[in-house]
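Note sheet for the following structure.
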Amino acid sequence: SGESASAEPRAVQSVAIIGAGTMGSGIAMAFANGGFDVLVRETDDASLQRGLDRIADTYARSVKRGSITQAEADRRSGRISGTTEMTALSDADLIIEAAFEDMAVKKSIFAELEDVAKPGAILATNTSYLDVNEIARSTGRSGDILGLHFFSPANVMRLLEIVRGADTSPEVITTALKVARRLGKQPVVVGVCHGFVGNRMLQARNGQLSQLLLEGASPAGIDAAFRAFGWPMGPCRMQDLAGLDIGWRTRKALGKSDPLPDRLCEMGRIGQKAGKGWYAYETGARDPSEDPDVATLIETMASELGVTRRTIEPAEIIERTHGPMIEEGRRILEEGIADRASDIDVVWVHGYGFPRDFGGPMYWDDHLRRKAQPAKKETQNG
């Protein structure tokens, strides 16, 4: 295919992953499942062991479910080894940093990698928001550096955002596309900006949630509108699942606030892992239940802010969430962050569960959304 047909891909067989947390472990399994040799690096033995145990546990569950045989699980886990030494990464063809989402942490790792990695090794960051160019320029190897943004769980989710930095060489992009195909991933090449394509549009989609809630919607009402539209899960349930503290931390780092979810986090309601977030999670119950405390909090906050509450229909919920998301997608295209509208659609269908029947947000906007809106009557000028 003609992606960068002129650039020859580099050979990649040995892959090192820095960080054995949820993300690092998932990425390690994705590569082991694709037949690569994987080395996982953690800062200390305890963290490394936790990561390797998590990997072993995931394979054991797959065997129990019958999705792979014991022999295949042994083959895959046999491709993964661990280390606490950065110097052990000197033979790796590709090194992926999956550490904490903090610029200083990432820059210090890349500074170490510069001394350790062999010439021609590809160095990738799995950041979901941070500036890949800033990371790359903290080294003398910016041509070898790119973003590989896997989606969690990385061993399951098909989408891979390949983030092309200002200096990333064409052969590094060609290699990343080839590696993605061997992993069975759906790659999309994107440019550098805050949140890239997916998370940038997600922020736009979720930007009005607090306002909708204050004006009269409920978390369950918003989620029901999304499910009726065709999403597998609504945004409030999704935030509970991911953890409300992630957005809270990001806002604090950017000096921003969103009073409603911030208040939930201050109350310790950080989502499913805490047993309560937008919803309450009864012990042992799989499904969330509506929590009267949250309804009371929203009503109290609305009156504090002088917001008059009313009934909000599903159509308004969809318009006020999906409208800004589409506008952000148009800006992404104008800025050249994505090459084509279909790339944005691939990101949303494969990474975020946008209803497949609608082809993705940009396709839906171009072909379906406008038809669904009542046509304005043409006025005849006599």
Side-chain angles (χ1 to χ4, degrees), residues 151 159 195-242 244 246-247 258-261 264 271 277-279 287-291 294-295 298-299 301-302 305 307-334 338 341-377:
F151 286 69
L159 183 66
F196 315 123
V197 170
N199 283 337
R200 179 171 160 182
M201 288 173 68
L202 183 67
Q203 279 188 322
R205 190 198 75 179
N206 291 352
Q208 290 260 314
L209 290 181
S210 291
Q211 199 52 37
L212 282 163
L213 291 164
L214 292 170
E215 287 176 28
S218 67
I222 289 176
D223 287 352
F226 269 67
R227 281 200 310 278
F229 181 78
W231 291 90
M233 187 183 283
C236 296
R237 178 82 178 84
M238 192 73 222
Q239 287 179 8
D240 272 0
L241 201 59
L244 288 165
I246 296 174
D258 188 345
L260 192 49
L264 287 179
W278 290 115
Y279 295 97
D287 295 319
S289 50
E290 291 188 66
D291 191 332
V294 174
I298 294 171
E299 281 162 30
M301 224 167 196
L305 296 165
V307 179
T308 311
R309 288 170 64 77
R310 60 188 172 85
T311 303
I312 297 184
E313 297 298 332
E316 182 180 343
I317 291 169
I318 295 301
E319 187 51 44
R320 284 173 62 182
T321 49
H322 291 54
M325 170 187 174
I326 302 293
E327 283 162 32
E328 201 62 51
R330 299 271 168 236
R331 279 194 285 275
I332 284 170
L333 288 172
E334 279 160 27
S342 58
D343 285 350
I344 295 178
D345 289 338
V346 167
V347 166
W348 275 89
V349 169
H350 288 288
Y352 295 87
F354 189 91
R356 223 165 250 264
D357 298 352
F358 295 153
M362 308 317 281
Y363 186 90
W364 171 70
D365 186 51
D366 286 336
H367 300 278
L368 305 166
R369 181 180 175 211
R370 294 160 205 268
K371 290 203 178 83
Q373 288 167 349
K376 292 187 174 63
K377 290 208 167 64

Do the side chains of [Y] and [X] get nearer than 4.5 Å, heavy atoms only?
{"X": "F354", "Y": "M325", "value": "yes"}
{"X": "F226", "Y": "I317", "value": "yes"}
{"X": "S210", "Y": "P261", "value": "yes"}
{"X": "I222", "Y": "T321", "value": "no"}
{"X": "V347", "Y": "M201", "value": "no"}
{"X": "I298", "Y": "R309", "value": "yes"}
{"X": "N199", "Y": "Q203", "value": "no"}
{"X": "R205", "Y": "W348", "value": "yes"}

For residues [X] and [Y], report the shortest heavy-atom separation together with the two atoms involved.
{"X": "L264", "Y": "L244", "value": "CD1-CD1, 4.1 Å"}
{"X": "M362", "Y": "D345", "value": "N-OD1, 2.7 Å"}
{"X": "G353", "Y": "P232", "value": "O-CD, 3.1 Å"}
{"X": "F229", "Y": "I318", "value": "CB-CD1, 3.9 Å"}
{"X": "A302", "Y": "L214", "value": "CB-O, 3.6 Å"}
{"X": "P235", "Y": "N206", "value": "CB-OD1, 3.8 Å"}

Presence of salt bridge, E327 and R330, under 4.0 angstrom:
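So R330 does not pair with E327 through a salt bridge.
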
Do the ring planes of Y352 and F151 sit parallel (below 30°), tilted (30 to 60°) or perpendicular (above 60°)?
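Perpendicular: the ring planes of Y352 and F151 meet at over 60°.
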
Other residues, nucleotides and ligands only: do more than 12 of their heavy atoms fall within 6.0 Å of OH on Y363?
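No, because the 6.0 Å sphere around OH of Y363 holds 12 heavy atoms or fewer from other groups.
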
Return yes when atom CZ of R310 has more than 12 non-hydrogen atoms of other residues, nucleotides or ligands closer than 6.0 Å, and no otherwise.
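Counting neighbours around CZ of R310, more than 12 heavy atoms of other residues, nucleotides or ligands fall under 6.0 Å, so yes.
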
Just by modelled atom types, is the P219 backbone N or O under 3.5 Å from a matching donor or acceptor in the Y279 side chain?
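Side chain of Y279 to backbone of P219, a donor-acceptor pair under 3.5 Å: yes, one is there.
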
Supply the atom-to-atom distance [X] [atom1] to [Y] [atom2], rounded to the nearest 0.5 angstrom.
{"X": "Q208", "Y": "E215", "atom1": "CD", "atom2": "CD", "value": "7.5 Å"}
{"X": "W231", "Y": "R237", "atom1": "CH2", "atom2": "CZ", "value": "16.0 Å"}
{"X": "L202", "Y": "E328", "atom1": "CG", "atom2": "CD", "value": "11.0 Å"}

If we check side-chain contact (heavy atoms from CB on, under 4.5 Å) with V197, which of these qualifies: D343, V346, I332, L333?
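In the set D343, V346, I332, L333, the residue that makes a side-chain contact (heavy atoms from CB on, under 4.5 Å) with V197 is I332.
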
Worked check of side chain to side chain contact (heavy atoms under 4.5 Å, CB included) between F358 and D365
CA-CA 9 Å; F358 295 153; D365 186 51; over 6 Å; no

